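Remarks on the structure that follows.
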Amino acid sequence: MSIASVHEGERKPGMANAYLGMLLFLVSEAFLFSALFVTYFYLRTYTPVWPPQGVHLEITLVSFNTLVLLVSSGTMQWAISAWRRGNQRVALAALLTTMLLGSTFLAIKGWEWYHEPFRPWDHAYGSIFYTLTGFHALHVLGGIFILGALLIRTSRLRSLGHPLAVEMAGVYWHFVDLVWLFVFGSVFLLR
Amino acid sequence: MIALRQAQDIISLGLVKGAVAGLIGAGVGRGLPAGVRLAMGLPAWDPGWAVTVGTLVGLLCYLWGLGAFRGWMRWVLAQPEKESREPTSGWARYFSFDTNHKVIGVQYMVTSLLIMAVAGVYALMGRLEMAQPGMQYMGPGTYNTLVSLHGIMMLAAVLIGISGMMNYLVPLMIGARDMAFPHLNALSYWFIPPAVFLLILSLFSGGFDTGWTAYPPLSVRAPLGMQLMLLAFYLVGLSSIAGSINCGEHQPHHHHFQAARPGDEPVPHAHLCLGSYGHRLPPAYLHPVHRHGIPHGGPGAGDGHEIL
Amino acid sequence: MGMRFFDPDKGGNVILYQHLFWFYSHPAVYIFVLPGLGVISEVLPGFCRKPLFGYRAVALSSLGIAAGGALVWGHHMFAAGIEEWLMVPMMVTTLLVAVPTGVKVFSWLATMWMGKIQLETPMLFVLTSIIVFLIGGLTGVPQGIVPVDLYLTDTYWIVAHFHFTLFGGFVFPAMAAIYFWFPKVTGRLLGEGLGKLHWAAMSAGFFILYVPMFWLGLHGMRRRIADYDPGLGLQLPNLVSAIGAFLVALGMLIFFINLVRSATRGAPAPANPWRSRTLEWLASSPPPEDNFPTAPRVVGPPYGYGIPGSVHALIGTSGGSGKMEKADP
């Protein structure tokens, strides 16, 4: 039984099953992040000093990191369009670049966390800061895994088939980027 | 010779292979945070982290032993479809990773009834205790744990029962061959046995006295059983999110099997699918904050101010 | 793991937990009962030999319950110390969500009106479900009203209320569903005699178990307590509840025995033992691996019971071999 669709090969109107499945999954992930945002803003509303004393955010570094992630969405889209044109080598290169950019994002985030003067258990701000950015980072890591799996598979295919898989990976990656923009805006710009 | 054959039959069951792999993985996983903590210069043992990492690693090993990843590995490695090594007939199907929606539906229903029976027995014990004033059969901590477990297990039984009915009936009611993502469907089911295992384990790990709602600050002070219950809760949530994606997107896509007239579908089909999807969104919502705010160490843990 | 979301000393907030918790858990319980209510809507028409009354209203009411149910979570927190401006809207939405639920109950009653009622076990459970769910819903109304809830919350009234709604919305419909679809799943019939005995023990036991809890709640017995003062006069209802609990357990025991016996030695079931019309009854009992040899064709509404000439679905090529659903009186 193939993974992509029970009715592989049948002509069906509208969106492919699997793509819709990914969209539904992303809606649930949106709910997950919205809970974290609700927590952030709820605590922020009811806490007199926010962020608390001793919190110093690396805005410049994080802004650069945001740029890294935005570029990676660009390379992801590049991978999709290369796939649609049937260009296997370019698609592979674009996927690999996206993975590298994603890893760079994570590396910089790790450095940022290490150098922050506060920890998750110091206060509620710390808890929500690390949980929000942490869950996002986990999603980036998951995305890197997905892209890695896709990369392995694509490199072993003799020719590119339907772009469904890369499109699903793409919408996931764009979603994670979009979530980051909200995190960046709420935690680092709005504060 | 017959006994040997039967023993082989049992060992080759997905559930058994998964359980063995899972227990080994959990053991290794429990040790991992200790190693990291020692490297960081902290005292090695923290029950909260040990249980969490142990569960995570154990879960992955369990799924691997079950054969849940085989289909996906074949996809990643771009290998052709192979004849499944899983049993295709008889009772062994129900103890293995089988992707047929009818098998999964029966697995869910039987599991649901079993969980309902256990949770019902807990309630019965509680009712017996409350029939007269004074504590005749158990202490207050045990009573509270039984009531809490009754609650959370009945919740799980309801969720699983709905999944079971949905899985079995929906494809048949719309004239389809199977659910949209049979592999994901099977995975959804197999999250449940480890969740049940954790719930039962919680009873023997000090339990928890908060009721299934687990409000802080009491839940922050609860024994290790609280942690286990929450981990189990997450597994059930994960299962239901995956399962509902299956059902939720199954609905619009199989309309082409139906006649053009709206209102030609049976009512419960719509109820099961829409309800199941709508339900799953909030658990994704609830998990991260709930999880991280509550759990903490085992016996001797303080009032929530401890440093990790 | 040492997080401080809910630790007030570190800037956290315990009410936040409750908001997040109930924003999920309240819709969750409405979702728990929606499939069960769907089972009632499915099984009832067949056993009344009459179409479901107001099909479109019933379908829309589910959406109404799902949507409305997402807006009521605060009613679990009336006593927790939330702001007043939040309590009143939550009260209003809580009372409003009873409307779509009521639509279903009226539809079921109208379906039964002038129908040819067949009292086999699935139908017995469906009837019990309707009555129990109705009482559950009605007893929810006082709780929705803030000043009354301040007395009722965390008492046994609440415990009784939600067991009525959960049994009526899930447990009894699930029993009906199992008796109804067991022949399809296993190819054997569930014993009808044991089924009726199960129903009688479980239904009677249910009322004996939970009705005293309404009384206990009104007299102030708190929930989640392991013991109570003998001088408060709470003992008799608690004792009666315990007896009811054992009766329910007896019913479930009979049920499990029936399940096992029928699965192994039950009478073989035809494809459509209940003269139902939905697609699953076109498949054999049990269905083959791929369910249908070819996709069935739906040609009419699914609940046209008792309407002469109405057909729901055809299987096989037109005019060829294949079963056709006939109209049934």
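So that the names make sense, note that chain A is the first sequence line, chain B the second, and so on, each numbered from 1. Note that this is a predicted model, so its numbers are computed, not measured.
Residues passing the ring-ring contact (aromatic ring centres under 6.0 Å, His included) test with C:F170, sequence neighbours excluded: none.
With a 4.5 Å cut-off on non-hydrogen atoms, B:V106 touches chain C through its side chain but not through its backbone. With a 4.5 angstrom heavy-atom cutoff, C:H26 does not touch chain B via any of its atoms. Looking at C:A177, only its side chain comes within 4.5 Å of chain B, counting heavy atoms on both sides. With a 4.5 angstrom heavy-atom cutoff, C:L259 touches chain B only via side-chain atoms. Looking at C:F246, the atoms closer than 4.5 Å to chain B (heavy atoms on both sides) sit in the backbone and in the side chain alike. Only the side chain of C:L209 comes within less than 4.5 Å of a heavy atom of chain B; its backbone N, CA, C and O stay farther away. Proximity to chain C is absent for every atom of B:M154, based on heavy atoms less than 4.5 angstrom apart. Proximity to chain B (any heavy atom under 4.5 Å) is restricted, for C:P288, to the backbone atoms N, CA, C and O.
Aromatic rings from C:W281 and C:F292 are positioned such that their centres are separated by 6.0 Å or more. Taking the six-membered ring where the residue is Trp, the centroids of B:W212 and C:F21 are separated by under 6.0 Å. Ring centroids of C:F167 and C:F206 are separated by less than 6.0 Å, placing the two rings close together.
Most heavy-atom pairs under 4.5 Å with chain C, from the set B:L172, B:L155, B:N100: that is B:L172. With respect to chain B, the highest number of heavy-atom pairs below 4.5 Å among C:I40, C:L239, C:V43, C:L236 belongs to C:L239. Between chain C and the residues B:Q132, B:M138, B:M109, the most heavy-atom pairs under 4.5 angstrom are made by B:Q132.
In this structure, the separation between CZ on C:R224 and OG1 on B:T210 is 7.5 Å, given to the nearest 0.5 Å.
Taking the charged nitrogens against the carboxylate oxygens, C:E280 and B:K102 have no contact shorter than 4.0 Å, which rules out a salt bridge.
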Please list every donor-acceptor pair under 3.5 Å in which a side-chain atom of residues 111-124 of chain B meets a protein atom from a residue at least two apart or in another chain.
unit_1 : atom_1 : unit_2 : atom_2 : d
B:T111 : OG1    : B:Q107 : O      : 2.6
B:T111 : OG1    : B:Y189 : OH     : 2.6
B:S112 : OG     : B:A157 : O      : 2.9

Item to complete: Could you give me the CA-CA distance, side-chain angles and deciding distance for C:F255 and C:Y179, then say whether ring pair (Phe, Tyr, Trp, His ring centres under 6.0 Å) is met?
Response: CA-CA 10 Å; C:F255 178 54; C:Y179 279 92; 5.7 Å; yes

